[in-house]
Amino acid sequence: MMEIINIIALILVPILAVVVGQKLQERAQKRNDKMQIFKILMTSRIFGWTNESVQAMNLIDVVFADDKAVRTQWKTCFDKMCVENPTDTELSKIKTEKEKLLEAMAKSLGYKDIVTWESIQSPYVPKGMVDLMAQQQEYQNSQSNVMRQMEKIVNTNGKEKENE
């Protein structure tokens, strides 16, 4: 009888170990996916929209499928963002809803006492970085103006040649 128990144990223990190991790996991967989305959105709150933040937001329903609070806040946030030409008031509401989404994610990840409402609303942005971003925006605006002026010149020259 003892031999049968030993044989069953020899067969079942490795199988059970594999199953438990796979479950632990799946759980760890789900948490990593949630953390990745949370980190991207926490970082991008400084810059506004980035390609990564948009991709992360599009994955929220899938990655946080097991968290009703996060998905509910995501729906509220999404509904606020679906405005064609938002006013300053609507932009403020969108910002608040995005911050509430980050707060819900922090709670889901077990960071409710570490990542607070105040820390979400107060990202670190060094002055030099703000200045650099303003310079880059000014440069892009200048390039756009130059391109519009060149387009006008080309169009004007083309019309003059047609009239000749």
Side-chain angles (χ1 to χ4, degrees), residues 22-160 162:
Q22 285 178 333
K23 291 292 182 190
L24 290 173
Q25 278 184 325
E26 286 174 18
R27 197 167 152 197
Q29 185 59 46
K30 284 181 182 181
R31 179 167 172 73
N32 287 341
D33 291 347
K34 289 178 181 182
M35 278 300 299
Q36 185 64 23
I37 288 174
F38 180 67
K39 288 190 301 188
I40 288 168
L41 296 180
M42 280 293 283
T43 303
S44 69
R45 76 190 195 281
I46 299 166
F47 309 110
W49 297 111
T50 64
N51 286 337
E52 280 187 318
S53 68
V54 172
Q55 290 170 0
M57 287 186 160
N58 281 306
L59 291 172
I60 290 172
D61 280 326
V62 174
V63 175
F64 286 89
D66 60 346
D67 194 315
K68 185 173 171 60
V70 171
R71 286 191 357 268
T72 299
Q73 182 55 41
W74 164 235
K75 170 131 180 47
T76 302
C77 184
F78 181 79
D79 290 345
K80 294 278 187 225
M81 291 187 295
C82 289
V83 175
E84 187 77 24
N85 293 310
T87 63
D88 287 342
T89 303
E90 290 167 325
L91 288 172
S92 176
K93 288 178 182 178
I94 290 168
K95 181 180 180 292
T96 299
E97 294 304 328
K98 285 169 69 178
E99 290 167 348
K100 286 181 181 178
L101 176 62
L102 288 169
E103 183 180 39
M105 288 178 174
K107 285 179 184 175
S108 173
L109 291 164
Y111 294 132
K112 68 179 181 178
D113 295 330
I114 299 167
V115 180
T116 63
W117 180 250
E118 292 78 24
S119 67
I120 291 171
Q121 290 182 311
S122 309
Y124 171 68
V125 185
K127 183 182 178 338
M129 182 179 217
V130 171
D131 293 345
L132 180 62
M133 289 169 60
Q135 287 174 350
Q136 287 174 340
Q137 186 62 51
E138 185 179 333
Y139 179 72
Q140 287 175 345
N141 291 342
S142 297
Q143 282 185 319
S144 294
N145 288 336
V146 167
M147 292 304 291
R148 279 192 287 277
Q149 293 300 322
M150 288 178 67
E151 185 178 13
K152 285 180 184 178
I153 291 169
V154 168
N155 288 340
T156 303
N157 287 342
K159 287 180 183 177
E160 288 175 1
E162 285 178 11

**Request:** Step by step, work out the side chain to side chain contact (heavy atoms under 4.5 Å, CB included) result for D61 and K75.
**Result:** CA-CA 9 Å; D61 280 326; K75 170 131 180 47; over 6 Å; no
**Asked** Taking all non-hydrogen atoms of both residues, which atom of L91 and which atom of P86 are closest, and how far apart?
**Response** CD2-CG, 3.6 Å
**Prompt:** Just wondering, do M81 and M57 contact through their side chains at under 4.5 Å, heavy atoms?
**Reply:** yes
**Complete:** Closest heavy-atom pair, P123 versus I120, reported as atoms and distance to 0.1 Å, is CD-O, 4.0 Å
**Prompt:** How far does NZ of K39 sit from CG of L109, to the nearest 0.5 angstrom?
**Reply:** 10.5 Å
**Heavy-atom pair with the smallest gap, counting every atom of L102 and F38** = O-CE1, 3.4 Å
**Request:** Using a 4.5 Å cut-off on heavy atoms from C-beta on, say whether the side chain of Q149 contacts that of K152.
**Result:** yes
**Message:** Walk me through whether Q36 and I40 qualify under side chain to side chain contact (heavy atoms under 4.5 Å, CB included).
**Reply:** CA-CA 6 Å; Q36 185 64 23; I40 288 168; 3.6 Å; yes
**Prompt:** Within the side chain of R71, is there an N or O that forms a donor-acceptor pair under 3.5 Å with the backbone of A65?
**Reply:** yes
**Asked** So how far is it from L41 CG to L101 CG, rounded to the nearest 0.5 Å?
**Response** 6.5 Å
**Request:** Compare all side-chain heavy atoms of F64 with those of S108 and state whether any distance is below 4.5 angstrom.
**Result:** yes
**Prompt:** Can any side-chain N or O of E90 pair as donor or acceptor with the backbone N or O of T87 at less than 3.5 Å?
**Reply:** yes
**Request:** Flag yes if more than 12 heavy atoms outside E52 fall under 6.0 Å of its CD atom; otherwise flag no.
**Result:** no
**Request:** To the nearest 0.5 Å, tell me how far E99 CD sits from M42 CE.
**Result:** 10.0 Å
**Prompt:** Between S122 (side chain) and S119 (backbone), is there a donor-acceptor pair under 3.5 Å?
**Reply:** no
**Item:** Contact check, side chains of N141 and Q137, non-hydrogen atoms, under 4.5 Å
**Value:** yes
**Message:** Does the Lys NZ or Arg CZ of K112 fall within the cation-pi geometry relative to W117 - under 6.0 Å from the ring centre and within 45° of the axis?
**Reply:** no
**Nearest non-hydrogen partners of S44 and T50, listed with the distance** = CB-OG1, 3.9 Å
**Message:** Between K34 and D66 (salt bridge meaning N to carboxylate O under 4.0 Å), is one present in this structure?
**Reply:** yes
**Item:** Presence of salt bridge, E97 and K93, under 4.0 angstrom
**Value:** no
**Message:** When you compare the side chain of I60 with that of F78, does any pair of heavy atoms fall below 4.5 Å?
**Reply:** no
**Message:** Could you tell me if the side chain of M105 sits less than 4.5 Å from the side chain of W74, heavy atoms only?
**Reply:** no
**Item:** Intermediate values then yes/no, salt bridge (Lys or Arg N to Asp or Glu O under 4.0 Å), E26 and K30
**Value:** CA-CA 6 Å; E26 286 174 18; K30 284 181 182 181; 5.6 Å; no
**Prompt:** Which atoms form the tightest heavy-atom contact between V70 and A104, and what is the distance?
**Reply:** CG2-O, 3.6 Å
**Asked** Taking atom types as modelled and ignoring hydrogens, do the side chains of Q143 and Y139 form a donor-acceptor contact shorter than 3.5 angstrom?
**Response** yes
**Donor-acceptor contact present, side-chain S144 to main-chain Q140, <3.5 Å** = yes
**Prompt:** Quick one: do the Q29 and D33 side chains pair a donor with an acceptor below 3.5 Å?
**Reply:** yes
**Passing option when Q73 is tested against K98, K68, K100, E103 for side chain to side chain contact (heavy atoms under 4.5 Å, CB included)** = K100
**Polar contact flag, side-chain donor to acceptor under 3.5 angstrom, Q55-N51** = no
**Asked** Backbone N or O of S92 within a donor-acceptor pair of the T96 side chain at under 3.5 Å?
**Response** yes
**Message:** If we ignore hydrogens and angles and just use 3.5 Å, is the side chain of R31 paired with the main-chain N or O of A28 as donor and acceptor?
**Reply:** no
